[in-house]
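Read the structure below first, then the notes.
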Amino acid sequence: MERRCDGWGSASRRHFLEMLALTGLGSALSGVGLSAAWAFPPPDSSPAFEEVPAPASGISWVHVNGRSPMAHLPETVGAGCAFLDYDNDGWMDIYLVNSGPCDFYEPAHPLRNALYHNNRDGTFTDVTQKAGVPGSAYGMGVAVGDYDGDGFSDLYVTQYPRSLLYHNNGDGTFTDVTTKAGVAAPGWATSAVWFDYDNDGRLDLFVCHFVDYSKTKLKFCGDRLTGERFYCIPSIYDPMPCWLFRNNGDGTFTDVSKESGISQSPAKAWGVVAADINNDGRMDLYVTNDTVPNFLFANRGKGRFEEIGLLSGVGVNAFGKPRSGMGVDAADYDQDGRIDLFEANVDHEMYSLYHNDGNESFSDVANPTGIGPTTRMMSGWGLRFFDYDNDGDLDLLLCNGHPDDAVDKRVEGVRFLEPLLLFRNTGKGFQNVSRQSGPIFSKPLSGRGLALGDFDNDGSVDVLVTQNNAEPILLRNNLGHQNHWLGVRLVGTKANIGAIGAKITYQSGDLKRHQCKVGGGSYLSSHDPRMVLGLANRTKIDWLEIQWPQPSGKIERFTDLPIDRYVTIVEGQSKWK
């Protein structure tokens, strides 16, 4: 059965680009400067995003990369973070990933990841030791998913040289079940995603594999006269195949990387997002690679994937050259019924906004939207499409920072520390509103992971950013709740419990929008699983329709929903709660 995200129709992309030309946004947003004006400022003096200081939030954890004179590559690329409700109290908690002991690093003092419980008053309490989720090696990222369908979110923590699966016991504690489950993924794992690739209703696991790396395989990059080392460009390291683990339904997984076709494409993978890019009811995978072509694994059913990155137009740039793909996301930003893709790259490459043209082909429209020129000298990691102002259109937030801490001295115009970027979707184009959205957007950061979650349950989606070798940043969204909204938590029964792959369509007066629930996205990070639907100033939802993912495919419609609150909708139940 064809499953589409219906919206504006086939002329939407042409209209989108024509309006960019008419408004002059393409030229106005060129260059690195954050110069565009915000057409719709907030009605009060509060910035759109406000940094919550550590003393106020209670989050005292700091990322430590263990920077050494040997310049081991993993030191500069971590780390990730997550919003999750681990205890099912309806409030988003926080998980942060740190480095740790491995063959090239022995911390002088013990390091650990951190789980912070949401106290429901804007503060958090560190419960890591009680929960039993400290990590065990050099941590990278985290993927959150309820793999056994017991109603509690589990944690997959990617690490070098061995990853971890923490099972949520439902009592505030977790158990390391990695060996039993068979998902250790030995090597250098980066991002991971839970999704149901075979439509059996259980969440499977895809894990990105970076290069063939160890202390003994360290290569020299730097000044041979002085002996000073720099962080290497990954092109000099060998690629490695990613992992796909099939959920057996009994707490164990089977490595199906070979038979699925995934391992046929050696990777240098940083980011991954699972989305149905061709509306065939099967979840595909977009994987960003560093210095080798990106992958678009089209799910052909019967457990097989076909890699079509080059054929589809997302594998390399317009000149046929691979980029340094890092952060990634997927969403139908122009509401034409097809999932589009976004990729953040390193300096001098520009970021890529891939418009889905249908028939499994994409066009990079980063230049005409102004996003490309603005990001030309920047390096991007965590990122996400989301409706930060709840006007019904998906905006775009980008987390940036160069991987080389010595780049300021060696490359003109490139900085190690870089600011966040926020692009507002006006419905006719993207507008750079970074400078007008709060002081945080003028602050240089060593940004890496980025997770979205409404930690105070006010309908304004907040932001968590991790920095390399620095403290995380928690941003409160002051703008979203000034418009009306509805937050929806989906629970699958026949479909996978996380409803990854579901589509929500809703009508509010003259506003009709849809959102598709993708798996993963960003970089090393996981997001609040709830979907926030923006209504702008409209005060009623006429109807809301859910198309559940396979094997269900069931379509359910609701007409009595409230606004400005969160609801839970369970597949097959006629009433929300």
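FYI, the numbering just counts along the sequence from 1.
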Which pair of heavy atoms, one from [X] and one from [Y], lies closest together, and at what distance?
X	Y	result
Ala192	Leu205	CB-CD1, 4.3 Å
Tyr351	Asn345	CE2-O, 3.2 Å
Ala451	Phe83	O-CE1, 3.5 Å
Leu203	Asn496	CD2-OD1, 3.6 Å
Tyr388	Ala48	CE1-CB, 4.4 Å
Ala330	Ile339	CB-CG2, 3.7 Å

Is the shortest side-chain heavy-atom distance between [X] and [Y] below 4.5 Å?
X	Y	value
Val273	Phe342	no
Trp548	Leu490	yes
Val328	Leu341	no
Ile440	Leu420	yes

(message) Within the supplied structure, the quantity of interest is the number of heavy atoms (other residues, nucleotides, ligands) at a distance under 6.0 Å from Asn359 CG; does it exceed 12?
(response)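 At most 12 heavy atoms, drawn from other residues, nucleotides or ligands, come within 6.0 Å of this atom.
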(message) Tell me if the NZ atom of Lys321 is crowded by more than 12 foreign heavy atoms within 6.0 Å.
(response)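 Counting neighbours around NZ of Lys321, 12 or fewer heavy atoms of other residues, nucleotides or ligands fall under 6.0 Å, so no.
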Are a donor atom and an acceptor atom from the side chains of [X] and [Y] found within less than 3.5 Å of each other?
X	Y	answer
Ser260	Arg304	no
His355	Asp364	no
Glu571	Ser552	yes
Asp387	Trp485	no
Asn537	His484	no

(request) Could you point out which residue of Asp329, Asp528, Asp462, Asp395 forms a salt bridge (charged side-chain N to carboxylate O under 4.0 Å, His left out) with Arg384? (result)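 Output: one option passes, namely Asp329.
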Thinking salt bridges, do [X] and [Y] make one under a 4.0 Å N-O criterion?
X	Y	answer
Arg376	Asp347	no
Asp391	Arg424	yes
Arg202	Asp196	no

(request) Please say whether the positively charged group of Arg530, taken as NZ for Lys or CZ for Arg, lies over the ring of Tyr566, i.e. under 6.0 angstrom from the six-membered ring centre and within 45 degrees of the axis. (result)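 Yes, Arg530 and Tyr566 form such a contact.
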(request) Classify the ring geometry between Phe430 and Phe385 as parallel (under 30°), tilted (30 to 60°) or perpendicular (over 60°). (result)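 Correct class here is tilted.
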(request) Hey, can you tell me if Trp194 and Tyr147 have their rings parallel, tilted or perpendicular (30° and 60° cut-offs)? (result)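 It falls in the parallel class, under 30°.
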(message) Out of the candidates Ile262, Leu244, Ile308, only one should pair with Phe297 under the side chain to side chain contact (heavy atoms under 4.5 Å, CB included) rule; please name it.
(response)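 Single pass found, and it is Ile262.
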(message) Per the side-chain hydrogen bond (donor to acceptor under 3.5 Å, both in side chains) rule, what does the pair list look like for residues 290-303, sequence neighbours excluded?
(response)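 Sorted result for residues 290-303: Trp270-Asp290, Tyr286-Asn294, Asp290-Ser324, Asn294-Glu343, Arg300-Glu306, Arg300-Glu360.
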(request) Sort out for me which residue in Lys512, Arg513, His514 forms a side-chain hydrogen bond (donor to acceptor under 3.5 Å, both in side chains) with Gln335. (result)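 Going through the options one by one, the only one that passes is His514.
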